[in-house]
Amino acid sequence: MELTDEDRAALRERYRAERDKRLRPDGNEQYVEPTGRFAHLLEDPHTERVERPPVHDEVTVAVIGGGFAGLVTGARLKEVGVTDVRIVEGGGDVGGVWYWNRYPGAMCDTAAMVYLPLLEETGYLPTQKYVAAPEILDHARRIARHYDLYDGALLSTKVTELRWDPAISRWRLRTDRGDELRARFVTMGTGPLHRPKLPGIPGLEEFAGPCFHTSRWDYSVTGGGPSGAPMTGLAGQRVGIIGTGATAVQCVPHLARDAGELFVFQRTPSSIDVRANRPLDPAALDLYQGWQQEWLRNFATLQTGGFTDVDLVQDGWTDIAQRIRDRVVAAIDAGEEFTPATVQRAFEDSDDEKMTEIRARVDDVVADPATADALKPWYRQLCKRPCFHDEYLQAFNRPTCHLVDTDGRGVERIAADGVWAAGRHHRIDVLVIASGFEVGTEYSRRSGYETVGLDGVTLGARWADGMCTLHGMHVHGFPNLFVIGMAQAGNLISNFTHNLTEAAATAAAVIAHAEVTGATEVEATAEAEQRWVELVSENASAFLGNAECTPGYYNNEGRPLGPRERRNLSGFPGGAVAYFDHIERWRSSGDFVGLDFR
Ligand code: NDP
């Protein structure tokens, strides 16, 4: 569908107006930490805490966090012969976000063949193109079993302090169980989305009925279970849900099915593209040795605008990227020069086309025209986490499912018996909060402990003006410490675990090298770290941090990016695939340029 210049100008104007409506002076500060009535949100509802004697010993590698970051790091360490690895994890089992998030309908809409790590190594094939949370949690457990990572693991154990002891060249870890561990090396995979945040809506504490955050779903209230069994506890109940992000999009169809009445309080609609999930037929797949690496590369390449002969995953992520790429090619074929302006134009045209389709889909699916209108997203697709779902929009056709659109203003206040929004009181019996996680706040607040390096400097202080690393992993002044994430590295949003498997391979290679050469300490040099920060700072992600976007956690809630945010959002120039190539060469060269082994 071709848009005229007038259509485009009108779109830009609408996008700007919708964004401006939502800009607020308090930015990230609109959210609050769970305290008081909500303090339990930081606790574990899934596993009973069993008392145990404190542990006082030493390990080669302590792995903080038993989510996919910790699991793939543990796996890669075992593969290179480092056997003395101990996971320390706050939850009662491994799995990270998939341990905590058990809300009905939870699933990952990055294709399982690329999202689930170590499929070949563990001999597992996903059942569907996109798999549900219980299958993902099972896979996390499979990795832990396959690599014996449960051995010695300290589960239901929160790290309270991590301190470098230069006298013995060891990290000292303290935990909330009274453990005092020494570790030669520490890896930290504490994830960007693990600490729930609450909207600072006046009166939230006063709500009299059951109220919980989606990441701590209370099945004792709702009945049912994570596999989608009917939530009989909601029969006849008036249920409210605040938030319409990727989480709400997945649980709303279940709530709409089971609640007496459902009220969905919306500030900004998500973009809902087709998901088209289907069972995977292993027989139809050509799975030669090394297939997953090939699939990962293929997906990352297409998703970041590169060329491949085939599209192995074929989903909404690769679709938009290929539209952009094909437009650039067409422009060049037509004689245009390859310039940033060509790419920008291709990006804008593809996005306009895609978002026009997404809005048209709302009209096709949602019967009531006013509801359909309110569900249309007016921003670029990558301003917020794109959603893919085939039952969310449909849920609003149920007479018992009500959209309460607040035209960008959000819920006004909460009373003991309900929610005030769009100027009206809505009586509510059960309130679900789908307001997301702390992303932009200070590192130690999110990780829940302080890391103290050389000369008593804390990581929080060191990163007060933003992350400073070599490869997103090594921090000068913090020897033998490895951050496992994606920032200042590949920054591949569409497949988070791909960043993790690469980081894990790098950490394992460095630790193995230290072991082989008898080095007791390894640390990024100040110069190497500085060069890297300068390099990646030129490349704050094109859409992360985009001030033209509607506010959200991708762009610091629409507030101007300071140097801190810029650094935290930066990634390797040239993108994820270029970074993965770079780091693969770096770690296999054996030189480890930028690290000081001593
Ligand atoms: P988000 O931060 O994406 O969404 C929070 C929601 O709460 C937004 O809709 C926000 O509105 C809304 N909100 C906040 N304050 C108010 C208020 N006062 N009144 C009304 N609404 C309010 O959190 P999610 O848990 O949905 O998702 C977090 C991330 O988790 C995703 O971005 C994704 O990375 C990941 N995820 C991935 C999934 C997948 O693979 N499919 C599924 C689930 C999560 P507004 O938009 O206006 O700020």
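Every number for a ligand or one of its atoms is a count from 1 in the order of the listing.
Taking distance alone, with nitrogen or oxygen atoms compared against 3.5 Å, F265 stays at or beyond that limit from ligand 1. Geometrically, ligand 1 and Q266 share no nitrogen or oxygen pair separated by less than 3.5 Å.
Applying the 4.0 Å criterion to heavy atoms of G243 picks out, from ligand 1, the atoms 6 (C), 7 (O), 9 (O), 12 (C), 21 (N). Below 4.0 Å from some heavy atom of G410 lie the following atoms of ligand 1, by number and element: 19 (N), 20 (C). Using a 4.0 Å cut-off to heavy atoms of A434, the atoms of ligand 1 that qualify are 5 (C), 6 (C), 7 (O). Those atoms of ligand 1 that come under 4.0 Å of a heavy atom in M107, given as number and element, are 39 (C), 40 (O), 41 (N). Close approach of ligand 1 to F437 (heavy-atom distance below 4.0 Å) involves ligand atoms 25 (O). Distances below 4.0 Å separate heavy atoms of Y103 from the following atoms of ligand 1: 42 (C), 43 (C).
Cation-pi geometry between R359 and W378 is met: the NZ or CZ atom falls under 6.0 Å from the ring centre, inside 45° of the normal.
Contact check on D390 versus R361 returns a salt bridge, with a Lys/Arg side-chain nitrogen under 4.0 Å from an Asp/Glu carboxylate oxygen. Remark: R22 does not engage D407 in a salt bridge, criterion side-chain N to carboxylate O under 4.0 Å. For D363 and K376, the salt-bridge test passes: some basic side-chain N is under 4.0 Å from an acidic carboxylate O. Salt bridge status for D109 with R385: present, with a side-chain N to carboxylate O gap under 4.0 Å. We find that D319 and K354 are joined by a salt bridge, their nearest charged nitrogen and carboxylate oxygen being less than 4.0 Å apart.
Contacts between I242 and ligand 1, counted as non-hydrogen atom pairs separated by less than 4.0 Å, involve the side chain only. In F388, neither the side chain nor the backbone holds a heavy atom less than 4.0 Å from any atom of ligand 1. Using a 4.0 Å cut-off between heavy atoms, P199 contacts ligand 1 through its side chain alone, with no backbone atom that close. Contacts of I201 with ligand 1, taken as heavy-atom pairs under 4.0 Å, involve the side chain alone.
The shortest contact between atom 46 (O) of ligand 1 and any protein heavy atom is with K384 NZ, 2.8 Å. Among protein heavy atoms, atom 36 (N) of ligand 1 sits closest to A246 CB, 4.0 Å. Closest to atom 32 (O) of ligand 1, if we only count protein heavy atoms, is Y553 OH, 2.7 Å. Protein heavy atom closest to atom 14 (C) of ligand 1, with residue, atom name and distance, is Y31 OH, 3.1 Å. Nearest protein heavy-atom contact of atom 42 (C) of ligand 1 is Q250 OE1, 3.4 Å.
In this comparison of G436, S270, C108, G200, the heavy atom closest to atom 2 (O) of ligand 1 sits on G436. When the heavy atoms of I241, T247, T214 are ranked by distance to atom 24 (P) of ligand 1, first place goes to T247.
Atom OG1 in T406 sits 8.0 Å away from atom CD in E412 (nearest 0.5 Å). Put simply, CH2 on W317 and OG on S494 are 5.5 Å apart, with the number rounded to the nearest 0.5 Å.
The minimum heavy-atom distance linking H498 with R297 is given by the pair CE1-N, 4.4 Å. Annotation for F265 and T244: closest pair O-CG2, 4.1 Å, computed over non-hydrogen atoms.
A 6.0 Å sphere centred on CD of Q293 holds no more than 12 heavy atoms belonging to other residues, nucleotides or ligands.
Applying the side-chain contact (heavy atoms from CB on, under 4.5 Å) test between P253 and each of Q394, R398, H389 identifies H389 as the sole match.
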